[in-house]
Amino acid sequence: MTGTATLFTNISQLVTPGVGVQRGAAMRDLTVIPDAALLVQDGVIQWVGARADAPATPDERDLGGVAVVPGLIDPHTHAVWAGDRLADFEARVQGVPYEEILARGGGIRSSMRATGAASVEELVTLARPRLTALQASGATTTEVKSGYGLDFGAEKRMLQAIRVLQAEFALVPTLLIHVPPTDDRAGYVQAVCRDLIPEVAREGLATAVDVFCEREAFTVDETRAVLEAARAHGLRTKLHADQFHAIGGTELACDLGALSVDHLEASGDAQIAALAASDTVATILPGVTLHLGLNAAPGRSLIDAGAAVAVGTDLNPGSSPVFSTQLALALAVRLCHLTPAEALTAATVNAAAAVGLRDRGALAPGQRADFLTLHSADWRDLAYTLGAHPARAVYTGGHAR
Ligand code: NIG
Ligand code: FE
(Lines give C-alpha, C1' and ligand atoms only; values in the text may rest on other atoms or scores of the structure.)
(Ligands and ions follow the chains in the order given, each with its own letter.)
Protein backbone atom coordinates (compact mmCIF):
# COMPACT_ATOMS: atom_id res chain seq x y z
CA MET A 1 0.00 0.00 0.00
CA THR A 2 1.35 3.41 -0.82
CA GLY A 3 1.11 6.27 1.65
CA THR A 4 0.06 9.84 0.95
CA ALA A 5 2.55 12.12 -0.71
CA THR A 6 3.85 15.22 1.07
CA LEU A 7 4.94 18.34 -0.77
CA PHE A 8 7.58 20.37 1.12
CA THR A 9 7.42 24.00 0.02
CA ASN A 10 8.84 27.45 0.81
CA ILE A 11 12.43 26.32 0.22
CA SER A 12 14.68 29.32 -0.53
CA GLN A 13 17.23 27.09 -2.28
CA LEU A 14 17.16 23.35 -2.88
CA VAL A 15 20.76 22.31 -3.40
CA THR A 16 22.06 18.95 -4.55
CA PRO A 17 24.98 17.22 -6.22
CA GLY A 18 24.21 14.72 -8.99
CA VAL A 19 23.15 11.17 -8.16
CA GLY A 20 26.03 8.74 -7.59
CA VAL A 21 29.73 9.25 -7.11
CA GLN A 22 31.16 12.52 -8.51
CA ARG A 23 34.83 12.83 -9.47
CA GLY A 24 37.13 15.78 -9.97
CA ALA A 25 35.55 18.96 -11.32
CA ALA A 26 32.08 17.33 -11.32
CA MET A 27 32.19 17.61 -7.53
CA ARG A 28 31.54 21.34 -7.98
CA ASP A 29 28.47 20.86 -10.21
CA LEU A 30 25.64 21.47 -7.79
CA THR A 31 22.06 22.09 -8.85
CA VAL A 32 20.62 25.08 -6.99
CA ILE A 33 16.87 25.58 -7.41
CA PRO A 34 15.49 28.86 -5.99
CA ASP A 35 11.95 28.89 -4.50
CA ALA A 36 11.80 25.10 -4.71
CA ALA A 37 9.55 22.26 -3.63
CA LEU A 38 10.22 18.61 -2.81
CA LEU A 39 7.67 15.79 -3.13
CA VAL A 40 8.09 12.73 -0.88
CA GLN A 41 6.13 9.50 -0.73
CA ASP A 42 6.87 6.40 1.35
CA GLY A 43 10.21 7.79 2.44
CA VAL A 44 11.43 8.31 -1.12
CA ILE A 45 11.77 11.50 -3.17
CA GLN A 46 9.26 11.57 -6.06
CA TRP A 47 9.90 14.96 -7.55
CA VAL A 48 12.02 18.11 -7.05
CA GLY A 49 11.76 21.41 -8.86
CA ALA A 50 10.57 24.98 -8.82
CA ARG A 51 7.55 25.58 -6.55
CA ALA A 52 5.66 27.01 -9.50
CA ASP A 53 5.91 23.67 -11.35
CA ALA A 54 5.05 21.40 -8.40
CA PRO A 55 2.27 18.83 -8.74
CA ALA A 56 -0.88 19.64 -6.74
CA THR A 57 -0.77 17.75 -3.45
CA PRO A 58 -3.24 18.00 -0.54
CA ASP A 59 -0.54 17.46 2.10
CA GLU A 60 1.75 20.51 2.00
CA ARG A 61 4.41 21.47 4.55
CA ASP A 62 5.89 24.94 4.64
CA LEU A 63 9.61 24.77 5.49
CA GLY A 64 9.85 28.47 6.34
CA GLY A 65 11.88 29.96 3.51
CA VAL A 66 15.20 28.28 4.32
CA ALA A 67 17.71 26.24 2.31
CA VAL A 68 17.42 22.47 1.93
CA VAL A 69 20.39 20.16 1.30
CA PRO A 70 20.76 16.37 1.30
CA GLY A 71 21.28 14.66 4.64
CA LEU A 72 24.99 14.20 5.33
CA ILE A 73 26.58 10.77 5.28
CA ASP A 74 29.43 10.16 7.70
CA PRO A 75 31.50 7.44 6.02
CA HIS A 76 34.08 6.87 8.78
CA THR A 77 33.51 6.71 12.53
CA HIS A 78 34.67 4.66 15.49
CA ALA A 79 31.64 5.72 17.54
CA VAL A 80 31.68 2.60 19.75
CA TRP A 81 34.34 2.71 22.47
CA ALA A 82 34.71 2.57 26.23
CA GLY A 83 37.15 4.43 28.49
CA ASP A 84 38.80 7.68 27.46
CA ARG A 85 42.06 9.05 26.10
CA LEU A 86 42.30 12.18 28.20
CA ALA A 87 45.75 11.32 29.58
CA ASP A 88 47.00 10.72 26.01
CA PHE A 89 45.56 14.09 25.03
CA GLU A 90 47.44 15.85 27.82
CA ALA A 91 50.67 14.04 26.93
CA ARG A 92 50.26 14.84 23.25
CA VAL A 93 49.70 18.54 23.73
CA GLN A 94 52.97 18.52 25.70
CA GLY A 95 54.76 16.98 22.73
CA VAL A 96 54.56 13.17 22.96
CA PRO A 97 53.67 11.91 19.46
CA TYR A 98 50.54 9.77 18.86
CA GLU A 99 52.60 6.96 17.30
CA GLU A 100 54.94 6.88 20.29
CA ILE A 101 52.03 6.58 22.74
CA LEU A 102 50.75 3.67 20.63
CA ALA A 103 54.19 2.02 20.45
CA ARG A 104 54.39 2.20 24.28
CA GLY A 105 51.14 0.22 24.59
CA GLY A 106 48.84 3.21 25.11
CA GLY A 107 46.62 4.98 22.60
CA ILE A 108 44.48 2.57 20.60
CA ARG A 109 45.67 -0.26 22.86
CA SER A 110 44.33 1.49 25.96
CA SER A 111 40.93 1.92 24.25
CA MET A 112 41.07 -1.80 23.46
CA ARG A 113 41.55 -2.69 27.13
CA ALA A 114 38.57 -0.59 28.21
CA THR A 115 36.35 -1.62 25.30
CA GLY A 116 37.22 -5.30 25.69
CA ALA A 117 35.94 -5.17 29.26
CA ALA A 118 32.55 -3.66 28.33
CA SER A 119 29.30 -5.54 27.67
CA VAL A 120 27.18 -5.00 24.55
CA GLU A 121 24.67 -3.04 26.67
CA GLU A 122 27.39 -0.77 28.04
CA LEU A 123 28.75 -0.15 24.55
CA VAL A 124 25.27 0.73 23.28
CA THR A 125 24.75 3.17 26.15
CA LEU A 126 28.10 4.83 25.50
CA ALA A 127 27.65 5.08 21.71
CA ARG A 128 24.05 6.36 21.63
CA PRO A 129 24.74 10.00 22.59
CA ARG A 130 27.65 10.15 20.14
CA LEU A 131 25.40 9.02 17.28
CA THR A 132 22.72 11.44 18.45
CA ALA A 133 25.30 14.25 18.25
CA LEU A 134 26.35 13.28 14.72
CA GLN A 135 22.70 13.16 13.69
CA ALA A 136 21.95 16.56 15.20
CA SER A 137 24.82 17.94 13.14
CA GLY A 138 23.16 16.61 9.97
CA ALA A 139 24.25 12.98 9.56
CA THR A 140 21.38 10.84 8.30
CA THR A 141 23.56 7.75 7.65
CA THR A 142 26.69 6.87 9.62
CA GLU A 143 29.33 4.22 9.15
CA VAL A 144 30.57 2.71 12.42
CA LYS A 145 33.60 0.45 12.83
CA SER A 146 34.63 -2.17 15.32
CA GLY A 147 38.38 -2.32 15.99
CA TYR A 148 38.79 -1.88 19.72
CA GLY A 149 38.28 -5.59 20.38
CA LEU A 150 41.16 -7.18 22.27
CA ASP A 151 39.94 -10.52 21.03
CA PHE A 152 37.34 -11.75 18.55
CA GLY A 153 34.65 -11.87 21.25
CA ALA A 154 35.13 -8.17 21.92
CA GLU A 155 35.16 -7.37 18.17
CA LYS A 156 31.82 -9.13 17.85
CA ARG A 157 30.38 -7.35 20.89
CA MET A 158 31.22 -4.04 19.20
CA LEU A 159 29.45 -5.18 16.01
CA GLN A 160 26.48 -6.40 18.06
CA ALA A 161 26.26 -2.99 19.74
CA ILE A 162 26.13 -1.40 16.29
CA ARG A 163 23.38 -3.84 15.31
CA VAL A 164 21.32 -2.86 18.37
CA LEU A 165 21.74 0.83 17.50
CA GLN A 166 20.58 0.20 13.92
CA ALA A 167 17.03 0.22 15.33
CA GLU A 168 17.53 3.93 16.12
CA PHE A 169 19.93 5.21 13.45
CA ALA A 170 20.82 4.36 9.83
CA LEU A 171 24.23 2.75 10.38
CA VAL A 172 26.65 0.94 8.11
CA PRO A 173 28.76 -1.54 10.13
CA THR A 174 32.41 -2.23 9.30
CA LEU A 175 34.76 -4.82 10.80
CA LEU A 176 38.05 -3.00 11.48
CA ILE A 177 41.27 -4.98 11.92
CA HIS A 178 43.03 -2.24 13.81
CA VAL A 179 46.32 -3.16 15.52
CA PRO A 180 48.07 -6.53 15.75
CA PRO A 181 48.79 -8.27 19.04
CA THR A 182 52.38 -7.90 20.26
CA ASP A 183 53.03 -11.65 19.95
CA ASP A 184 52.25 -14.06 17.08
CA ARG A 185 50.92 -11.52 14.62
CA ALA A 186 51.10 -14.08 11.81
CA GLY A 187 48.81 -16.39 13.77
CA TYR A 188 46.48 -13.47 14.46
CA VAL A 189 46.18 -12.52 10.79
CA GLN A 190 45.54 -16.16 9.89
CA ALA A 191 42.80 -16.44 12.51
CA VAL A 192 41.20 -13.19 11.31
CA CYS A 193 41.03 -14.64 7.78
CA ARG A 194 40.04 -18.17 8.79
CA ASP A 195 37.65 -17.53 11.69
CA LEU A 196 36.61 -13.94 12.30
CA ILE A 197 35.84 -12.78 8.76
CA PRO A 198 33.78 -15.88 7.84
CA GLU A 199 31.81 -15.62 11.09
CA VAL A 200 31.12 -11.91 10.69
CA ALA A 201 30.03 -12.50 7.07
CA ARG A 202 27.80 -15.43 8.03
CA GLU A 203 26.10 -13.49 10.81
CA GLY A 204 25.71 -10.37 8.64
CA LEU A 205 27.46 -8.27 11.29
CA ALA A 206 29.37 -6.06 8.83
CA THR A 207 29.17 -5.05 5.19
CA ALA A 208 32.87 -4.23 4.82
CA VAL A 209 36.27 -4.99 6.30
CA ASP A 210 38.80 -2.22 7.01
CA VAL A 211 42.47 -2.53 8.01
CA PHE A 212 44.85 0.02 9.55
CA CYS A 213 47.85 -0.28 7.20
CA GLU A 214 50.67 1.59 8.91
CA ARG A 215 54.13 1.09 10.44
CA GLU A 216 52.64 0.77 13.94
CA ALA A 217 49.80 -1.46 12.70
CA PHE A 218 49.56 -3.91 9.75
CA THR A 219 52.02 -4.35 6.87
CA VAL A 220 50.93 -4.28 3.24
CA ASP A 221 51.22 -8.08 3.01
CA GLU A 222 49.12 -8.61 6.14
CA THR A 223 46.60 -6.09 4.83
CA ARG A 224 46.39 -7.90 1.50
CA ALA A 225 45.66 -11.21 3.21
CA VAL A 226 42.83 -9.68 5.26
CA LEU A 227 41.26 -7.80 2.34
CA GLU A 228 41.41 -10.89 0.13
CA ALA A 229 39.69 -12.96 2.81
CA ALA A 230 37.02 -10.27 3.06
CA ARG A 231 36.41 -10.38 -0.68
CA ALA A 232 36.28 -14.17 -0.65
CA HIS A 233 33.45 -13.95 1.89
CA GLY A 234 31.45 -11.37 -0.05
CA LEU A 235 32.40 -8.36 2.07
CA ARG A 236 33.47 -5.00 0.67
CA THR A 237 36.86 -3.57 1.59
CA LYS A 238 38.24 -0.25 2.85
CA LEU A 239 41.52 0.91 4.29
CA HIS A 240 43.08 3.29 6.80
CA ALA A 241 46.22 4.27 4.88
CA ASP A 242 48.88 6.98 4.56
CA GLN A 243 48.01 8.48 7.97
CA PHE A 244 51.66 8.81 9.05
CA HIS A 245 53.62 7.03 6.30
CA ALA A 246 52.76 6.05 2.73
CA ILE A 247 53.80 2.39 2.91
CA GLY A 248 51.79 1.09 -0.05
CA GLY A 249 48.31 0.61 1.39
CA THR A 250 46.66 3.08 -0.96
CA GLU A 251 48.10 1.41 -4.06
CA LEU A 252 47.00 -1.99 -2.75
CA ALA A 253 43.45 -0.82 -2.01
CA CYS A 254 43.12 0.73 -5.49
CA ASP A 255 44.38 -2.52 -7.07
CA LEU A 256 41.88 -4.58 -5.10
CA GLY A 257 38.94 -2.28 -5.93
CA ALA A 258 38.34 -1.17 -2.35
CA LEU A 259 35.38 1.11 -1.70
CA SER A 260 37.59 3.75 -0.11
CA VAL A 261 40.99 4.63 1.28
CA ASP A 262 40.74 6.86 4.31
CA HIS A 263 43.15 9.36 5.97
CA LEU A 264 45.76 10.15 3.23
CA GLU A 265 47.54 12.84 5.29
CA ALA A 266 50.91 11.44 4.13
CA SER A 267 49.88 10.73 0.54
CA GLY A 268 52.14 11.99 -2.22
CA ASP A 269 51.89 12.22 -5.99
CA ALA A 270 51.96 8.43 -6.53
CA GLN A 271 49.06 7.82 -4.14
CA ILE A 272 47.06 10.71 -5.59
CA ALA A 273 47.60 9.32 -9.10
CA ALA A 274 46.55 5.80 -7.99
CA LEU A 275 43.32 7.13 -6.46
CA ALA A 276 42.56 9.32 -9.48
CA ALA A 277 42.96 6.32 -11.80
CA SER A 278 40.73 4.03 -9.71
CA ASP A 279 37.09 3.80 -8.61
CA THR A 280 38.20 3.87 -4.97
CA VAL A 281 36.92 6.90 -3.06
CA ALA A 282 39.52 9.05 -1.26
CA THR A 283 38.08 9.80 2.17
CA ILE A 284 39.64 12.72 4.02
CA LEU A 285 39.29 13.18 7.78
CA PRO A 286 40.21 16.76 8.65
CA GLY A 287 39.32 16.31 12.33
CA VAL A 288 42.54 14.28 12.65
CA THR A 289 44.56 17.14 11.20
CA LEU A 290 42.98 19.49 13.71
CA HIS A 291 43.36 17.21 16.74
CA LEU A 292 46.75 15.60 16.07
CA GLY A 293 48.31 18.54 14.24
CA LEU A 294 49.14 16.33 11.25
CA ASN A 295 49.52 17.57 7.70
CA ALA A 296 46.17 17.92 6.00
CA ALA A 297 45.21 15.32 3.41
CA PRO A 298 45.72 16.71 -0.11
CA GLY A 299 42.02 17.20 -0.82
CA ARG A 300 42.58 19.96 -3.38
CA SER A 301 45.20 17.95 -5.31
CA LEU A 302 43.04 14.82 -5.24
CA ILE A 303 40.10 16.64 -6.82
CA ASP A 304 42.32 18.43 -9.33
CA ALA A 305 43.74 15.04 -10.33
CA GLY A 306 40.21 13.72 -10.91
CA ALA A 307 39.67 11.58 -7.79
CA ALA A 308 36.34 11.19 -5.99
CA VAL A 309 36.79 12.70 -2.52
CA ALA A 310 34.58 12.05 0.51
CA VAL A 311 34.80 13.56 3.98
CA GLY A 312 34.03 12.10 7.40
CA THR A 313 34.56 12.85 11.08
CA ASP A 314 36.63 9.77 12.00
CA LEU A 315 34.90 10.23 15.37
CA ASN A 316 37.08 8.33 17.87
CA PRO A 317 38.62 8.99 21.29
CA GLY A 318 42.25 9.23 20.18
CA SER A 319 42.71 11.03 16.89
CA SER A 320 39.44 12.86 16.24
CA PRO A 321 36.97 13.70 19.02
CA VAL A 322 34.79 15.43 16.44
CA PHE A 323 31.11 14.86 17.20
CA SER A 324 29.79 16.81 14.20
CA THR A 325 29.65 15.60 10.60
CA GLN A 326 28.93 19.18 9.53
CA LEU A 327 32.13 20.33 11.26
CA ALA A 328 34.12 17.75 9.26
CA LEU A 329 32.62 19.25 6.08
CA ALA A 330 33.47 22.78 7.24
CA LEU A 331 37.04 21.74 8.18
CA ALA A 332 37.56 20.12 4.76
CA VAL A 333 37.12 23.60 3.29
CA ARG A 334 39.60 25.25 5.67
CA LEU A 335 42.23 22.52 6.03
CA CYS A 336 42.03 20.56 2.75
CA HIS A 337 41.04 23.49 0.51
CA LEU A 338 37.81 22.10 -0.92
CA THR A 339 35.26 24.63 -2.13
CA PRO A 340 31.95 24.65 -0.25
CA ALA A 341 30.32 22.91 -3.24
CA GLU A 342 32.98 20.20 -3.34
CA ALA A 343 32.65 19.71 0.42
CA LEU A 344 28.88 19.21 0.11
CA THR A 345 29.43 16.56 -2.57
CA ALA A 346 32.16 14.95 -0.44
CA ALA A 347 29.80 14.72 2.55
CA THR A 348 26.80 13.37 0.59
CA VAL A 349 26.92 11.31 -2.63
CA ASN A 350 30.65 10.61 -2.41
CA ALA A 351 30.39 9.61 1.24
CA ALA A 352 27.54 7.27 0.24
CA ALA A 353 29.77 5.72 -2.44
CA ALA A 354 32.54 5.31 0.15
CA VAL A 355 30.24 3.00 2.10
CA GLY A 356 28.82 1.26 -0.97
CA LEU A 357 25.43 3.03 -1.14
CA ARG A 358 23.80 4.67 -4.17
CA ASP A 359 20.27 5.26 -2.90
CA ARG A 360 21.06 8.40 -0.91
CA GLY A 361 23.07 11.59 -0.85
CA ALA A 362 21.27 13.52 -3.61
CA LEU A 363 17.88 15.22 -3.75
CA ALA A 364 16.46 13.51 -6.84
CA PRO A 365 13.61 11.14 -7.66
CA GLY A 366 14.24 7.64 -6.33
CA GLN A 367 16.64 8.73 -3.59
CA ARG A 368 15.83 8.31 0.11
CA ALA A 369 14.10 11.41 1.46
CA ASP A 370 16.95 12.25 3.84
CA PHE A 371 17.43 16.01 3.93
CA LEU A 372 18.29 18.96 6.13
CA THR A 373 16.63 22.31 6.50
CA LEU A 374 19.10 25.00 7.52
CA HIS A 375 18.58 28.04 9.73
CA SER A 376 19.70 30.10 6.76
CA ALA A 377 18.24 30.90 3.34
CA ASP A 378 21.73 30.42 1.83
CA TRP A 379 23.04 26.84 1.72
CA ARG A 380 26.65 27.98 2.01
CA ASP A 381 26.12 28.48 5.74
CA LEU A 382 26.54 24.69 5.94
CA ALA A 383 30.23 24.98 5.06
CA TYR A 384 30.75 28.35 6.76
CA THR A 385 29.52 27.72 10.30
CA LEU A 386 31.97 26.54 12.98
CA GLY A 387 30.87 25.47 16.45
CA ALA A 388 27.09 25.55 16.04
CA HIS A 389 24.63 23.48 14.06
CA PRO A 390 23.53 25.24 10.88
CA ALA A 391 20.93 22.47 10.40
CA ARG A 392 17.55 23.46 11.82
CA ALA A 393 15.92 20.07 11.24
CA VAL A 394 17.10 16.66 10.10
CA TYR A 395 14.67 14.55 8.04
CA THR A 396 15.10 10.85 7.39
CA GLY A 397 12.68 9.08 5.08
CA GLY A 398 10.68 12.33 4.92
CA HIS A 399 10.19 12.57 8.71
CA ALA A 400 11.79 15.10 11.06
CA ARG A 401 13.91 13.34 13.69
O1 NIG B 1 41.23 6.56 12.20
N2 NIG B 1 44.47 5.50 12.83
C3 NIG B 1 43.90 4.58 13.27
N4 NIG B 1 42.68 4.54 13.78
C5 NIG B 1 41.91 5.63 14.21
C6 NIG B 1 42.30 6.17 15.53
C7 NIG B 1 41.82 5.34 16.61
C8 NIG B 1 42.27 5.81 17.94
O9 NIG B 1 43.21 6.59 18.09
O10 NIG B 1 41.63 5.33 18.89
C11 NIG B 1 41.92 6.73 13.18
O12 NIG B 1 42.60 7.75 13.33
FE1 FE C 1 39.61 5.83 11.61
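One-based numbering along the sequence shown. Computed from a predicted structure; not experimentally measured. In each ligand, atom 1 is the first atom listed, and ligand 1 is the first ligand listed.
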Student: I'd like to know if R51 and E60 make a salt bridge, using a cut-off of under 4.0 Å between side-chain N and carboxylate O.
Tutor: yes
Student: What does the list of residues with a heavy atom under 4.0 Å from ligand 1 look like, ordered by chain and number?
Tutor: H76, H78, R85, Y98, I108, Y148, H178, F212, H240, Q243, H263, D314, N316, G318, S319
Student: When you check the side-chain N and O atoms of T174 and K145, is any donor under 3.5 Å from an acceptor?
Tutor: no
Student: Answer yes if the side chains of E214 and H245 hold a donor-acceptor pair under 3.5 Å, and no otherwise.
Tutor: yes
Student: When you measure from the Fe ion (ligand 2) to the N, O or S atoms of D262, does any of those distances fall below 2.8 Å?
Tutor: no
Student: Look at atom CZ of R334 and say whether more than 12 heavy atoms of other residues, nucleotides or ligands are closer to it than 6.0 Å.
Tutor: yes
Student: Tell me, please, if H263 has any N/O/S atom, main chain or side chain, under 2.8 Å from the Fe ion (ligand 2)?
Tutor: no
Student: Whether the N350 and T345 side chains hold a donor-acceptor pair (N or O, under 3.5 Å, no angle test) is what I'd like checked.
Tutor: no
Student: Side-chain donor-acceptor pair under 3.5 Å between D242 and H263, yes or no?
Tutor: no
Student: Do we see a donor-acceptor contact under 3.5 Å between the side chains of S111 and R85?
Tutor: yes
Student: Which N/O/S atom belongs to D314 and is the closest one to the Fe ion (ligand 2)?
Tutor: OD1
